[in-house]
Amino acid sequence: MADAKATGRDAEAVSRFVEHFAAQLVEAGVPRMPARVFTALLASDTGALTSAELGEQLQVSPAAVSGAVRYLAQLHLVSREREPGSRRERYRVHSDQWYESLTNRNAIIKRWEDALRDGVTSLGATTPAGRRLTETLAFFEFVEVEVEEMMERWRAHRAELFGNG
């Protein structure tokens, strides 16, 4: 656990936190390895680790790290970056990863809304299935507006707590 050693933190305590929080993410539906990789990045002081560092810390193969990072990148929870002067990649978690994830989720909701509208047209709004789709569409439209408003409130709240940096 190079990051914990470099900062003088208790590597065992860091490991316990990583496994505990990852277990919470797994209970919420995140696959186990992406949950562990994400939490390891979140717990690192730099917010960035190489595949080798992640593999060493989590005691997993480079292939396991690669698959987890691919999954997390699709959710916009981590990004890849090259180390200057090296071919090695570092994987980074950003302080606004939750914001980005929810913002990107909103784009998915918009696509679902379009598909549901097509479904209502195809099935007929007055059929039992059409009414179910209409209610589902109304729910997603509601969620979309609520998330947008919540994100505006979060930006203001974050600026109060942490400044605009």
message = Grouping I, L, V, M, F, W and Y whenever their side-chain heavy atoms are under 4.5 Å apart, do I108 and M150 come out in a common cluster?
response =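 In one cluster with I108: M150, yes.
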
Kindly give the heavy-atom pair with the smallest separation between [X] and [Y], and that separation in Å.
{"X": "V26", "Y": "A35", "result": "CG2-CB, 3.9 Å"}
{"X": "G55", "Y": "V65", "result": "N-CG2, 3.9 Å"}
{"X": "E19", "Y": "R32", "result": "OE1-NH2, 4.3 Å"}
{"X": "L41", "Y": "S44", "result": "O-OG, 2.9 Å"}
{"X": "V120", "Y": "G130", "result": "CG2-O, 3.9 Å"}

Tell me, do [X] and [Y] make a side-chain contact under 4.5 Å, heavy atoms counted?
{"X": "Q57", "Y": "V14", "value": "yes"}
{"X": "H20", "Y": "T39", "value": "no"}
{"X": "M33", "Y": "V60", "value": "yes"}
{"X": "E149", "Y": "R153", "value": "yes"}
{"X": "V69", "Y": "V37", "value": "yes"}
{"X": "L58", "Y": "V18", "value": "yes"}

request  = Kindly indicate, with the supporting measurements, whether the criterion side chain to side chain contact (heavy atoms under 4.5 Å, CB included) is fulfilled by E144 and E113.
outcome  = CA-CA 10 Å; E144 179 186 0; E113 289 172 1; 2.7 Å; yes

Checking the side chain of [X] only, and the main-chain atoms of [Y] only, is there a donor and an acceptor separated by less than 3.5 Å?
{"X": "E56", "Y": "E53", "answer": "no"}
{"X": "R82", "Y": "R87", "answer": "yes"}
{"X": "R90", "Y": "A48", "answer": "yes"}

request  = Before accepting this row, confirm whether a basic side-chain N of the pair E141/R117 lies closer than 4.0 Å to the acidic partner's carboxylate O.
outcome  =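 Salt bridge present between E141 and R117.
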
ask   = Considering residues at least two apart in sequence or located in another chain, which fulfil the ring pair (Phe, Tyr, Trp, His ring centres under 6.0 Å) criterion with F139?
value =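 Expected list: none.
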
request  = Determine, stepwise, if the pair L49 / Y91 fulfils side chain to side chain contact (heavy atoms under 4.5 Å, CB included).
outcome  = CA-CA 6 Å; L49 297 168; Y91 307 113; over 6 Å; no

From [X] [atom1] over to [Y] [atom2], what is the distance, rounded to the nearest 0.5 angstrom?
{"X": "L75", "Y": "F38", "atom1": "CG", "atom2": "CZ", "result": "9.5 Å"}
{"X": "E148", "Y": "I109", "atom1": "CD", "atom2": "CD1", "result": "9.5 Å"}
{"X": "R158", "Y": "M151", "atom1": "CZ", "atom2": "CE", "result": "10.0 Å"}
{"X": "F140", "Y": "L137", "atom1": "CZ", "atom2": "CG", "result": "9.0 Å"}
{"X": "L25", "Y": "R36", "atom1": "CG", "atom2": "CZ", "result": "12.5 Å"}
{"X": "R92", "Y": "E81", "atom1": "CZ", "atom2": "CD", "result": "4.0 Å"}

key: More than 12 heavy atoms from other groups under 6.0 Å of CD on Q59   =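 No, because the 6.0 Å sphere around CD of Q59 holds 12 heavy atoms or fewer from other groups.
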
remark   = By side chain to side chain donor-acceptor pair (under 3.5 Å), D118 pairs with (sequence neighbours left out) none

ask   = With under 30° as parallel and over 60° as perpendicular, where do the rings of F17 and F21 fit, or are they tilted in between?
value = parallel

task = Kindly indicate, with the supporting measurements, whether the criterion side chain to side chain contact (heavy atoms under 4.5 Å, CB included) is fulfilled by L77 and V93.
result = CA-CA 6 Å; L77 290 174; V93 66; 5.9 Å; no

